Amino acid sequence: MSDHPDVQDEPERYDPLALEPAIARRWHDDRAYSLTPRPSADRDGAGTFYALTMFPYPSGDLHMGHAEIFTIHDALVRHLRMTGKRVLNPIGWDAFGLPAENAARNRGADPKQWTYDNIEEQRSTIIRLGYSFDWDTVLYTCDPAYYRWTQWLFLELFDANLAYRREALVNWDPVDQTVLANEQVVDGRGERSGAIVQRVPRTQWFFRITDYADELLDDLETIDWPERVKNAQRAWIGRSEGAEITFKTADAGPIGEPEEVVVYTTRPDTIFGATYFVFAPEHPIVTARMAGDADYDAFRDEVSRRSEVERVSTMSADRGKRGVRLNFDMINPFTGGSIPAYAADYVLMDYGTGAIMAVPIGDQRDFEFARQEGLEIRPIIRPTGEDGELLDELDPDTMTEAYVGPGVMVNSGDYDGLPWEEAKQRIIDDVSVKGWGAERVNYRLRDWLVSRQRSWGPPIPIIHCATCGEIAVPLEDLPVALPDDLDFQVQGSPLDQHPTWKHDVVCPECGGEDAVRDVDTLDTFVDSSWYFLRYLSPQDDTRAWPKDAANAWLPVDQYTGGVEHAVLHLLYSRFVVKAMRDRGHLAADEPFQALLNQGQVIMDGASMSKSKGNLVVPGEVYDTYGADALRGTMLFASAPEDDIDWADVSPTGMHKWLSRVWRLTLAHIDRETTGSAADGPAVDELRKAVAVAVVGASEDYDARKYNTAIAKLMTLTNAVLDATRDGSGGEVAREALETLLTLLAPICPFITEELWHRLGHEGSVHDVAWPTADTSLLFEDEVEIVVQVNGKVRGRITAPAGASQDDVQAAAAADASVAEYLDGDLVKVVHVPDKLINLVVKA
RNA sequence: GCGGGCGUGGCGGAGUCGGCAGACGCAGGGAACUUAAAAUUCCCCGGGCGAGAGCCCGCGUGGGUUCGAAUCCCACCGCCCGCACCA
C-alpha cells in the first residue's frame, strides 16, 4: 500500500476500513434491498417471506444489543434471498416516548430534533454495518403521517367499544406532580424525582384486552415461539377457574338490609372451612361502613402506600400480613354461621372481586393470617394418598402450613365423604341452583392502560364536549397534531398546559364551543403494536394499510428481538391484530408466526453500562476490525439465543480468518493472472471439502446455527490452504473459493462482495443462488468402522462401504489390537452399518 | 414459593434422533521465516500412568435403563431467567 512504497510488491492486505464504507453507501443509495414492487395478492407462502426485527428506539447511537439483533436478522434475510425468497425486510424507528421528553425537560432540547438527530446517527450505523433493510419502507412513529393512523387505530377500537375511559389507580409522583408509566417506577420510586410513587385514582383510557384473554391464551398453541415466552404470556394472562359466591353481611348496615358481597374462589369445595372473611382495604362496602374511623383511614392509606413499595423488594413470606377487624360480620351461605370480617393488605382490590372467603386450612395466606390473629382453622378435608387411600386427619393445632393436596371432604355437611374435585363441581352446581353464585373464569390480565400525561406521543383523538361527552375526532381531521411550541419546563403535562391547543376546537357533534381536546397521549406501546402493518404501505395517506396486503403478508414469518418484550409488546400486538381482524381490516389471527429471542451482549459477566465502565459500542469495533469482523464475531460466539460475553470473544480471531480468505483469493487471482493456475494433487480432497461445506453450512443456516456454519467455512478455508500450499490451484480452487464466498456472504457481506468482484463477476455475490453440493462426492468407497468390545473402543478397521455384518465382524476379530480382548464366549454382536461394531463377550 | 432453562478443557463452544467426547476458534507453549519485530506458516495443547505402543480416569453429584449414556429415566446440588399475597 502507498504508505509502504518499499514493500509494494507484497500482496494487498485485507483492509476492511478501506472497502466497507463505499460498498455500504452504494447498497443504501441504490436501494439494493428494497422490495418494490411488492408481491402481494399473489403471495403463496413459498416465494415470499416477511422478516421483521424489533425496530429501535432512538436514544443515542446503536448499542451492541442492536448490532446483535440486526446481525442475526440480516444473516437470516440474506440467506433467504439467496435461496430464492422475496424478502420483505423493513426498518423504522419507535420514535415517541419518554427519553425525548426528559431530554427536553432536563436539557431544554427540542424532542423532535433530539429524536431525529439520534435516528440519523443510528441510520448511518445501520448502513455502515451492511444491514440489508428496505430503505423504501422507513417509518417513524413520531411522524404525523404515521401517528395519524395510530389515532385512527384508537378510534377503531373506540368505535368497537374496545377503548374506554374509567377511573383507575395509577402511579403518581408527588414531587413532579405527574402520573408515571410503570416502566418509570423503579423500586417503588419515581426514576427522576426519587419520590415514593403513590397509587391514586385517576380517570384513564384503557383498551379492553381482557375481552381477548381466552383467545390470547389458546392461540399460543398455534405459534412457533420460545416456550419461555409463551409461558410468560400464560402467566401474565393468568387464567383460573372457580366460582363466584355471594355472602351477606350479618347485620342490616347503612342501607337498611344485609348487603351482598361476592367473592371469587378457585376452591368452592372448601367453603365449609371459611372461618372468616377478608376485604381489600379499599373495598367500597368497607369504606362506607368504616367512614369516619380515623384509625381505619390511616390503616388503609398506609397499606396502599406500603404495598407498592414493599412488593418490589420483599418476599411476601417475610413480610407478615396486616389486617384490622371490621365492625361487622358475614354469613357463610353454606353453614349459615356468622364469621368475622377483616380488611387486610393481602387481598387486592383489583383482582377477583376485592373480597375473599378465608379458608385457613387450605390456603397458605389465610393460614398465616389466622395463626397471627388467633382465628379458627377448621379441617374440612382429610388427605388422601397417591392411590386414594385415607391418610391421617389434619390437626389444626399442630399444622405448620395449609394443606393444599388431594383429599375427601369432612365437616362439610352433605358433601362429607366426596373426593374434593367432585365436591368442587357439586358445590358449583348447587350454588347456581340456589342463586348464590355461578361458575366463573378469572384472569390476572388487566385492561391495558394506554393514556399518558405526557406530550411526546400521539394525542388521543377525542374531544370532550360538555353536552355530548366523549366524541371521536372525525377521520378527516386526523392527525390531531402536536403543537410545535410546547413548553417542557412546566410542571405536569406540557400539552395540558399549552395556552391554546386544547381549547382550539368545537364539538364535532353539536358544534358547541364548550369542548376541549383530550390532553393525554397514547402509550408508546400503542405505536409499536401495529407498525408491522404500516410497513406494508408506509407512504399510503388514504388508509393505515391495504387489506389485501395485510392478508398477503401476515402473519410475519420471522420476528427477531429481545426477550424483554416477552409480555408487553408481544401481547399488545397480538391483541391489536385480533381486534383489527374482528373489525374486518385483516384476516390473520396472529401477528408473528415465529419468534427468535436473541441473547444479550454482556461484558465480564455483567450487562454493559457507561456507569460500570464496561461499555463497548459497535463503532469502536467496526472502526478497528470492520463490520464483517463485528458481524462474524457475534455469530461465531454462540447460538443466536445465547448471551455473548464480549470479554470472551475475539474480533481479532475473526479478522485473522477473513484475512486468510482474502489472501487465498488474491493468491488464486494472481495464479490466473500469471497463467500458472492448475489444480494440484490434492484436488479430490478439495472437491470433497467443498461438498461437505455446502451440505453442512446449508443445514446450519436453515437451523440458524451460524456459529457452526462459520466453523464449517473455516474448515473449508483450511482445506483450500492445504490444497494450494504447494502453489497449485486451478478450476477447483476457484470453485472452492467462490463457494466459500457465497456461503459466507450472508454473514460477512462486504469482503465477500469485494472478492466476488475481484474474481471477475459483474453482479453482486448477494444475488447468487445458494450453492448445491455434488453429493456423489460425499459417498465413500471405504469407511472406518469403530470396533468395540463390551462397549469400549478397542480398535478401528477400514471396510468397504455397506459391508455386511459378517464381513465386518470377521475383520474386527482379526484385528490384532481387538483380538486380545476377546477372551470369552461371544454372546452378542451389535452392528451399526458403516459406523460401528460392538462384540460382547462373557468370560 | 411457583414456572421455565442450563451445567462439557484455561475460555467461547461442537457433539444432544444413545454409537470414536472436546469440531471450529480464543488464550497458552514450541518451531520456521526475519538483523529484529510484525505478519505468515507448521507442531503441541482435558487429567493421570508409561520410554513407547498403549492403559486408566473424565461432560455438576449419586443411582438406574442399555451391548453401549454428555445424550434417556429418577433423586440431589449449583447457576440463570420469568412470575410472585392473583384467593
Side-chain angles (χ1 to χ4, degrees), chain A residues 7 10 13 226-236 238-240 242 263-267 270 274 278 280 307 310-312 314-317 319-322 344-348 350-359 362-366 368-369 401 442-446 563-564 566-567 600 632-633 636-639 641-654 656-657 659-660 663 696 705 707-715 717-718 721 725 784-796 817 827-832 835-842:
Chain A
V7 291
E10 300 238 328
R13 288 177 55 169
E227 205 51 40
R228 64 170 171 159
V229 176
K230 292 195 198 182
N231 277 327
Q233 295 216 347
R234 287 186 190 110
W236 191 266
R239 180 186 158 104
S240 71
V263 302
Y264 172 74
T265 177
T266 55
R267 293 292 304 275
T270 64
V278 189
S307 59
E310 297 195 0
R311 184 166 301 162
V312 293
T314 320
M315 299 290 279
S316 61
R319 200 183 302 153
K321 303 186 187 326
R322 302 203 51 193
D345 60 355
Y346 77 96
V347 174
L348 308 174
D350 57 358
Y351 182 78
T353 62
I356 64 158
M357 63 176 206
V359 183
D363 182 282
Q364 184 60 23
R365 296 151 300 176
D366 296 341
E368 287 167 19
F369 190 73
E401 56 183 24
N442 224 332
Y443 301 94
R444 184 188 335 227
L445 182 68
R446 308 294 149 76
V563 75
E564 67 272 18
V567 173
Q600 288 194 312
T633 301
F636 187 50
S638 63
E641 294 84 354
D642 294 339
D643 288 352
I644 297 172
D645 193 327
W646 199 252
D648 292 334
V649 301
S650 173
T652 316
M654 185 56 50
K656 273 170 68 175
W657 172 50
S659 298
R660 178 176 275 187
R663 276 195 310 278
K705 296 177 69 173
N707 54 336
T708 50
I710 291 170
K712 281 156 191 161
L713 298 183
M714 288 174 165
T715 303
T717 309
N718 294 340
L721 180 67
R725 189 183 307 287
E784 188 182 69
I785 292 177
V786 172
V787 182
Q788 295 183 340
V789 179
N790 292 340
K792 283 186 180 291
V793 179
R794 296 301 183 187
R796 293 170 181 82
S817 59
V827 294
K828 186 168 184 175
V829 177
V830 180
H831 179 233
V832 183
K835 285 184 92 171
L836 172 141
I837 188 157
N838 186 13
L839 307 173
V840 184
V841 296
K842 206 169 176 184

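A, B, ... follow the sequence lines: proteins, then strands. Residue 1 opens every chain. The basis for the numbers below is simple: all heavy atoms, side chains too, and nothing from hydrogens, waters or symmetry mates. Everything quoted here is computed from the prediction, not taken from an experiment.
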Mind calculating the distance between [atom1] ([X]) and [atom2] ([N]) to the nearest angstrom?
X: Arg660(A); N: C24(B); atom1: CZ; atom2: P; result: 12 Å
X: Ile644(A); N: C80(B); atom1: CD1; atom2: P; result: 20 Å
X: Leu721(A); N: G25(B); atom1: CG; atom2: P; result: 11 Å
X: Leu839(A); N: G68(B); atom1: CG; atom2: P; result: 14 Å
X: Lys230(A); N: G5(B); atom1: NZ; atom2: P; result: 13 Å
X: Ile710(A); N: G12(B); atom1: CD1; atom2: P; result: 18 Å
X: Ile356(A); N: C85(B); atom1: CD1; atom2: C1'; result: 10 Å
X: Leu836(A); N: A21(B); atom1: CG; atom2: P; result: 10 Å

Considering only the [atom1] atoms, how many Å lie between [N] and [M], rounded to the nearest integer?
N: G68(B); M: G50(B); atom1: P; result: 31 Å
N: G63(B); M: A69(B); atom1: P; result: 14 Å
N: A27(B); M: C42(B); atom1: P; result: 16 Å
N: A39(B); M: G28(B); atom1: P; result: 12 Å
N: G54(B); M: C59(B); atom1: P; result: 23 Å
N: A31(B); M: C79(B); atom1: P; result: 44 Å
N: G30(B); M: C45(B); atom1: P; result: 16 Å
N: G58(B); M: C49(B); atom1: C1'; result: 15 Å

Using Watson-Crick or G-U wobble geometry with both distances below 3.5 Å, tell me the partner of [N], or none.
N: A70(B); value: none
N: G12(B); value: C24(B)
N: A75(B); value: U61(B)
N: A32(B); value: U40(B)

Select one nucleotide: of [options], the one nearest the side-chain heavy atoms of [X].
X: Phe636(A); options: G19(B), G82(B), G25(B); result: G25(B)
X: Asp363(A); options: A87(B), G19(B), A23(B); result: A87(B)
X: Lys705(A); options: C85(B), G15(B), C67(B); result: G15(B)
X: Lys321(A); options: C24(B), U40(B), C85(B); result: C85(B)
X: Tyr351(A); options: U40(B), G12(B), A87(B); result: A87(B)
X: Met714(A); options: C24(B), C20(B), G19(B); result: C24(B)
X: Ala637(A); options: A87(B), C67(B), G12(B); result: G12(B)
X: Arg228(A); options: U40(B), G25(B), G4(B); result: G4(B)
X: Ala232(A); options: C85(B), G82(B), C20(B); result: G82(B)
X: Val347(A); options: C24(B), A87(B), G68(B); result: A87(B)

Quiz item: Any ion pair linking Arg267(A) and Asp363(A) (charged N to carboxylate O, less than 4.0 Å)?
Solution: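 Answer for the salt bridge query: no.
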
Quiz item: Taking NZ, NE, NH1 and NH2 as the nitrogens, is one of them in Glu227(A) or Arg234(A) under 4.0 Å from a carboxylate oxygen of the other?
Solution: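 Here Glu227(A) pairs with Arg234(A) in a salt bridge, since their nearest N and O are under 4.0 Å apart.
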
Base, sugar-phosphate, or nothing for [X], non-hydrogen atoms under 4.0 angstrom?
X: Arg725(A); answer: sugar-phosphate
X: Gln788(A); answer: base
X: Lys712(A); answer: nothing
X: Gln364(A); answer: nothing
X: Ala235(A); answer: nothing
X: Asp645(A); answer: nothing
X: Arg794(A); answer: sugar-phosphate

Exercise. Test side chain to side chain donor-acceptor pair (under 3.5 Å) on Asn231(A) and Arg228(A) and set out the steps.
Key: CA-CA 5 Å; Asn231(A) 277 327; Arg228(A) 64 170 171 159; over 6 Å; no

Exercise. Find which nucleotide of RNA chain B each of Arg663(A) and Gly653(A) is nearest to by heavy atoms, and output the residue with the more 5' nucleotide.
Key: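 Nearer the 5' end of the strand: Gly653(A).
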
Self-check item: Syn or anti conformation of G15(B), syn meaning chi within 90° of 0
Solution: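 Base orientation: anti.
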
Quiz item: Is there a donor N/O on one and an acceptor N/O on the other, under 3.5 Å, for the side chain of Arg444(A) and the base of C83(B)?
Solution: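 Not at all, since no donor on one side and acceptor on the other fall under 3.5 Å apart.
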
Practice problem: Find out whether the Lys NZ or Arg CZ of Lys321(A) is both under 6.0 angstrom from the six-membered ring centre of Phe369(A) and within 45° of the ring's axis. | Solution: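 Cation-pi check for Lys321(A) and Phe369(A): fails.
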
